[in-house]
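Heads up: the structure comes next, in structure tokens.
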Amino acid sequence: MFKKGWIYIAIGVLTLGAIFLMEYNKPKKINWFPSYVSHHKIPYGTLVLNDLMEKHFPDAIQQIHKPPFEFLSRTDSIKGTYFFVNESVSFEEAELHSLLEWVEQGNMLFVASRSFEKKLLDTLHLEQGSVYNNGLEPLFYYELVNPKFKSKKATFGKDYYTPGFERIDTLQTTVLGQVYAQADSTDTITKHINTIKQPFGKGTIV
């Protein structure tokens with residue numbers, strides 16, 4: 001009876017060990033939380049982007065932890081590109097006014113986001129919309145318009161829709177990138193603008 005007890009214990013320990021081993025080797029579930037934080041390695045984190053920028057522009061990158069209105073109070077000494085990336089980017093009225101004044105002096109404002117505030121869109125005569133993929137697999141293709149990069153496409157298949165611009169100021173706007181969903185046999189491929197550039201005073205907004 002004593003021997004049988006040890007056998008059962010050994011079987012239990014081996015079973016638990018096998019379960020722990022299987023759980024340890026199981027592929028980790030991808031975290032799709034839209035953090036956009038510079039030290040997050042998840043898909044919607046910006047660790048890779050931050051590392052690449054610091055690698056290629058080692059002496060020109062500065063992490064800013066102040067509101068733009070406060071940071072740009074020294075506009076005479078600050079030149080360059082103000083870079084924003086987030087799920088949604090919005091500014092207070094005074095903040096936006098300060099940013100646009102700074103851009104007018106010959107600087108660049110770069111904003112990457114899924115949605116933009118109405119005042120900024122109205123200022124640039126833009127109207128935002130959504131591009132939908134109603135297929136079984138929500139796959140979107142992204143490409144740059146410049147002929148040097150036109151053959152290089154990026155694909156993304158997480159969501160059933162992606163942002164784009166429904167209306168632009170054709171006289172002032174340069175299209176830099178576009179997105180489209182793969183058409184089925186009955187549809188044609190329609191490409192939608194998703195990255196633009198506009199002059200603003202002596203500066204540029206992307």
Side-chain angles (χ1 to χ4, degrees), residues 16-71 80-92 95-96 99 108-118 120-121 126 128-146 149-166 175-182 191-197 205-206:
L16 284 173
I19 291 171
F20 287 136
L21 186 63
M22 288 170 63
E23 285 295 318
Y24 181 79
N25 291 320
K26 190 166 68 175
K28 290 182 180 179
K29 191 175 180 180
I30 296 174
N31 183 356
W32 290 102
F33 179 74
S35 76
Y36 299 96
V37 176
S38 61
H39 61 269
H40 283 180
K41 296 180 180 180
I42 60 178
Y44 280 117
T46 55
L47 175 73
V48 174
L49 173 64
N50 192 65
D51 286 352
L52 285 172
M53 291 176 74
E54 289 185 345
K55 178 182 177 182
H56 290 286
F57 311 103
D59 302 319
I61 298 296
Q62 179 183 356
Q63 294 279 357
I64 300 168
H65 304 288
K66 297 179 180 179
F69 183 80
E70 182 182 345
F71 181 71
T81 299
Y82 215 135
F83 187 99
F84 294 87
V85 55
N86 208 341
E87 179 81 1
S88 177
V89 175
S90 60
F91 306 104
E92 296 292 335
E95 206 169 48
L96 180 60
L99 274 169
M108 178 182 285
L109 171 63
F110 187 105
V111 185
S113 180
R114 291 178 68 93
S115 63
F116 307 92
E117 63 177 23
K118 191 174 187 307
L120 177 60
L121 293 174
L126 300 171
Q128 197 176 11
S130 295
V131 182
Y132 291 93
N133 185 343
N134 297 319
L136 294 176
E137 295 184 4
L139 191 63
F140 291 96
Y141 297 82
Y142 297 83
E143 64 182 14
L144 297 174
V145 173
N146 190 313
F149 305 107
K150 199 88 180 272
S151 61
K152 298 177 181 179
K153 297 180 179 65
T155 59
F156 188 70
K158 179 70 174 72
D159 298 321
Y160 283 91
Y161 72 95
T162 188
F165 293 107
E166 292 185 350
V175 176
L176 300 179
Q178 51 197 10
V179 58
Y180 61 92
Q182 184 65 55
K191 296 185 177 182
H192 305 265
I193 298 166
N194 73 333
T195 310
I196 59 97
K197 177 177 74 172
I205 297 177
V206 178

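Just so you know, these numbers come straight off a predicted model, no measurement behind them.
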Could you tell me whether the side chain of [Y] reaches within less than 4.5 Å of the side chain of [X], counting heavy atoms only?
| X | Y | answer |
| --- | --- | --- |
| Tyr82 | Phe71 | yes |
| Gln128 | Leu121 | yes |
| Phe165 | Phe116 | yes |
| Val85 | Thr46 | yes |
| Phe33 | His40 | no |
| Leu126 | Ile196 | yes |
| Val89 | Glu117 | no |

Is the backbone of Leu176 close enough, under 3.5 Å, to the side chain of Thr195 for a donor and an acceptor to pair up by distance?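 No; zero donor-acceptor contacts below 3.5 Å.
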Verify, without hydrogens or angle tests, whether Asn133 (side chain) and Tyr160 (backbone) share a donor-acceptor contact under 3.5 angstrom. no
Under the side-chain contact (heavy atoms from CB on, under 4.5 Å) criterion, do Leu109 and Val206 qualify, and how do the steps go? CA-CA 6 Å; Leu109 171 63; Val206 178; over 6 Å; no
Between the side chains of [X] and [Y], does any donor sit under 3.5 Å from an acceptor?
| X | Y | answer |
| --- | --- | --- |
| Gln178 | Glu143 | yes |
| Ser88 | Ser113 | no |
| Tyr132 | Thr162 | no |

What is the distance from atom [atom1] of [X] to atom [atom2] of [Y], rounded to the nearest 0.5 Å?
| X | Y | atom1 | atom2 | answer |
| --- | --- | --- | --- | --- |
| Ile30 | Tyr44 | CD1 | OH | 11.5 Å |
| Asn50 | Lys55 | CG | NZ | 14.0 Å |
| Asn194 | Phe140 | CG | CZ | 11.0 Å |

Should we count [atom1] of [X] as having more than 12 external heavy atoms under 6.0 Å?
| X | atom1 | value |
| --- | --- | --- |
| Tyr161 | OH | no |
| Phe69 | CZ | no |
| Phe57 | CZ | no |
| Glu87 | CD | yes |

Taking salt bridge (Lys or Arg N to Asp or Glu O under 4.0 Å) as the test, write out the residues that go with Glu54, two or more places apart. none
Listed partners of Lys118 passing salt bridge (Lys or Arg N to Asp or Glu O under 4.0 Å), at least two apart: Asp122
Aromatic rings Phe156 and Trp32: how do their planes relate, parallel, tilted or perpendicular, breaks at 30° and 60°? perpendicular
Might you point out which heavy atoms bring [X] and [Y] nearest each other, and give the distance in Å?
| X | Y | value |
| --- | --- | --- |
| Leu99 | Pro68 | CG-CB, 4.0 Å |
| Asn31 | Ile42 | O-CB, 3.5 Å |
| His39 | Leu47 | CA-CD1, 4.0 Å |
| Met53 | Ile61 | O-CG1, 3.7 Å |

Verify the ring-centre separation between Phe91 and Phe84: is it less than 6.0 angstrom?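 They qualify: ring centres under 6.0 Å apart.
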